[in-house]
Protein chains: 2
Amino acid sequence: MANQDIHREWASRIRGQEGSEPLAESVVEILDCAALCFTETGFQGTSIDDVARRLGATKGRIYHYFRSKTDLFFEVHREGMKRLMGAVIEAKSAGGTGRETLQRMVEAHALTMMQNVAYEAVVVQGVHLHRLSATTPEQRVILDELMDVRHRFEQMFVEVFEAAQADGSARQDADTSLAVKGMLGAVNWMAIWYRPRQDDSLETQQAMARNLATLQVEGIG
Amino acid sequence: MANQDIHREWASRIRGQEGSEPLAESVVEILDCAALCFTETGFQGTSIDDVARRLGATKGRIYHYFRSKTDLFFEVHREGMKRLMGAVIEAKSAGGTGRETLQRMVEAHALTMMQNVAYEAVVVQGVHLHRLSATTPEQRVILDELMDVRHRFEQMFVEVFEAAQADGSARQDADTSLAVKGMLGAVNWMAIWYRPRQDDSLETQQAMARNLATLQVEGIG
DNA sequence: GTCTATAGGCTGATAGAC
DNA sequence: GTCTATCAGCCTATAGAC
């Protein structure tokens with residue numbers, strides 16, 4: 001079962017244990033097309049036939065790998081979160097003052113958003129996951145898990161912010177939760193306006209990520 | 001025709017000319033219910049029957065006032081933008097340095113988001129308006145108009161930012177467009193996480209808006 | 001102005017051939 | 001593993017009674 005493989009891989013990745021088998025090529029192809037469709041027309045606006053058409057196939061292929069449209073959406077979301085988590089965890093582990101670490105995390109977050117717009121736009125949509133009215137018990141388990149990762153993702157930023165307050169590199173009077181929601185909002189919003197251009201080199205993207213992160217951490221003054 | 005009335009009122013409001021007739025009570029009732037439904041379950045996820053049920057009526061009533069579901073969505077979006085525009089234009093007109101003005105605008109934006117979550121969540125969804133594949137020529141006109149307001153809204157912030165750079169109250173090296181997209185993202189994101197609570201007094205909301213605006217303008221250091 | 005009834009189209013999911 | 005065929009349900013929009 002493809003779902004379970006992905007689940008296992010992702011779960012171990014979060015725990016910091018690498019070394020799970022990569023996704024099968026056929027699954028990745030489907031996920032890529034699904035991510036694009038969901039990004040362009042939303043969950044309810046995308047039909048399985050749309051995804052199949054983009055894939056150059058029919059829905060038989062998709063239903064062979066995914067039990068339902070909801071499951072498909074979940075897997076795209078999961079993959080998007082995996083990439084975000086991986087990038088931010090790495091940025092967090094490099095050391096420096098709390099504020100420096102926070103800036104690196106925001107920058108990594110922003111760069112990952114740009115390099116995976118389709119997947120991350122689905123993650124942003126997924127904020128409204130309750131909308132999907134996940135009904136089956138299995139889906140509810142996956143849903144709870146996804147919400148949990150979202151929460152832990154945000155919490156990582158809060159912790160580092162508090163560390164920054166403790167080491168004197170961030171203002172003491174700030175509401176850390178609100179500040180983090182603001183920063184993450186500024187970055188997540190990229191999923192809505194940013195679309196890669198032909199002339200977007202890696203350097204361009206890195207520069208944008210750095211600029212945005214600096215503005216969020218240092219302000220405009 | 002209700003649509004046209006609303007259109008006229010809104011258009012004159014944007015031009016700064018008040019004094020158009022207020023919306024009919026029956027229309028407001030429908031818009032309120034529609035805003036809640038669209039916010040909770042999205043455009044495609046909301047059926048006209050859902051809105052009617054919330055309204056305590058049947059869809060006959062809704063189709064009497066709105067030609068289509070898309071038109072209904074447009075009107076909610078329009079009303080949401082009207083409220084945002086009104087608040088930010090007022091904040092912009094008060095004077096002070098560019099940076100002070102900008103902070104007041106962000107604060108007003110944030111407060112309006114909190115006080116009209118349902119409408120503003122629809123506005124945020126509307127960023128993907130092309131998804132609705134507005135087909136009729138009339139709808140395309142409305143769509144173009146809405147996109148235009150969005151653009152002018154953002155442009156107001158860019159102008160004030162540049163004024164702040166000119167009067168020395170903002171850093172010269174900042175990419176104004178990116179900075180504004182960041183700030184607006186931080187505030188727009190409220191539509192996703194903020195939901196009013198019982199104990200949310202006006203003072204509480206104002207304090208949150210002020211905190212968020214300060215963090216966005218001054219940074220965390 | 002609001003309701004009921006219904007037409008007509010699309011979509012998620014399944015069954016079974018190859 | 002992939003495709004074709006198909007069903008059953010839901011949803012937009014309209015027509016016409018009251």
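Lettering of chains follows the sequences in order, A, B, ..., and the numbering in each one begins at 1.
- To the nearest angstrom, C1' of dT11(C) lies 12 Å from CZ of R53(A).
- The shortest distance between the side-chain N/O atoms of T58(B) and the OP1/OP2 oxygens of dC3(C) is below 4.0 Å.
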Donor-acceptor pairs are to be reported for all side-chain atoms of residues 191-198 of chain B against protein atoms at under 3.5 Å, with residues two or more places apart or in another chain.
residue: Y194(B); atom: OH; partner: D200(B); partner atom: OD2; Å: 2.6
residue: Y194(B); atom: OH; partner: Q205(B); partner atom: NE2; Å: 3.0
residue: R195(B); atom: NH1; partner: A191(B); partner atom: O; Å: 2.9
residue: R195(B); atom: NH2; partner: A191(B); partner atom: O; Å: 3.3

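- Nucleotide dT4(C) holds its P atom 11 Å from the CG atom of D49(B), rounded to whole Å.
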Below 3.5 Å, can you tabulate the donor-acceptor pairs from side chains in residues 48-56 of chain A to any protein atom, sequence neighbours excluded?
residue: D49(A); atom: OD2; partner: K59(A); partner atom: NZ; Å: 3.3
residue: D50(A); atom: OD1; partner: S47(A); partner atom: OG; Å: 3.4
residue: D50(A); atom: OD1; partner: R53(A); partner atom: NH1; Å: 3.2
residue: D50(A); atom: OD2; partner: S47(A); partner atom: N; Å: 3.0
residue: D50(A); atom: OD2; partner: S47(A); partner atom: OG; Å: 3.2
residue: R54(A); atom: NH1; partner: E40(A); partner atom: OE1; Å: 3.2
residue: R54(A); atom: NH2; partner: E40(A); partner atom: OE2; Å: 3.0

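- Taking atom CD1 of residue I30(A) and atom C1' of nucleotide dT2(D), one finds them 11 Å apart after rounding to whole Å.
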Between N or O atoms, less than 3.5 Å apart, protein on one side and nucleotides 13-17 of chain D on the other: list the pairs.
residue: dA13(D); atom: OP2; partner: Y63(B); partner atom: OH; Å: 2.9
residue: dA13(D); atom: OP2; partner: K69(B); partner atom: N; Å: 3.0
residue: dA13(D); atom: N6; partner: K59(B); partner atom: NZ; Å: 2.9

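- With no hydrogens or angles considered, no side-chain donor-acceptor pair links N211(A) and T214(A) at under 3.5 Å.
- By the salt bridge (charged side-chain N to carboxylate O under 4.0 Å, His left out) test, E159(A) is found to be paired with K92(A), residues two or more places apart in sequence or in another chain being considered.
- If you take NE2 of H64(A) and C1' of dT14(C), they are 15 Å apart, rounded to a whole angstrom.
- When the salt bridge (charged side-chain N to carboxylate O under 4.0 Å, His left out) test is applied to D148(A), the partners found at least two apart in sequence or on another chain are R152(A).
- Between the CD atom of Q44(A) and the C1' atom of dT11(C) there is a distance of 13 Å, rounded to whole Å.
- Across all strands shown, S47(A) has heavy atoms under 4.0 Å from sugar-phosphate atoms exclusively, and none from any base.
- We find that CZ of F66(A) is positioned 15 Å from P of dG12(C), with the value rounded to whole Å.
- If you take CG of D71(A) and C1' of dA13(C), they are 13 Å apart, rounded to a whole angstrom.
- The CZ-C1' distance, from F43(B) to dT12(D), rounds to 10 Å in whole Å.
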Using a 3.5 Å cut-off and no angle test, enumerate the donor-acceptor pairs between side-chain atoms of residues 181-190 of chain B and protein atoms at least two apart in sequence or in another chain.
residue: K181(B); atom: NZ; partner: E154(B); partner atom: OE2; Å: 2.8
residue: N188(B); atom: OD1; partner: H109(B); partner atom: NE2; Å: 3.3
residue: N188(B); atom: ND2; partner: L184(B); partner atom: O; Å: 3.2

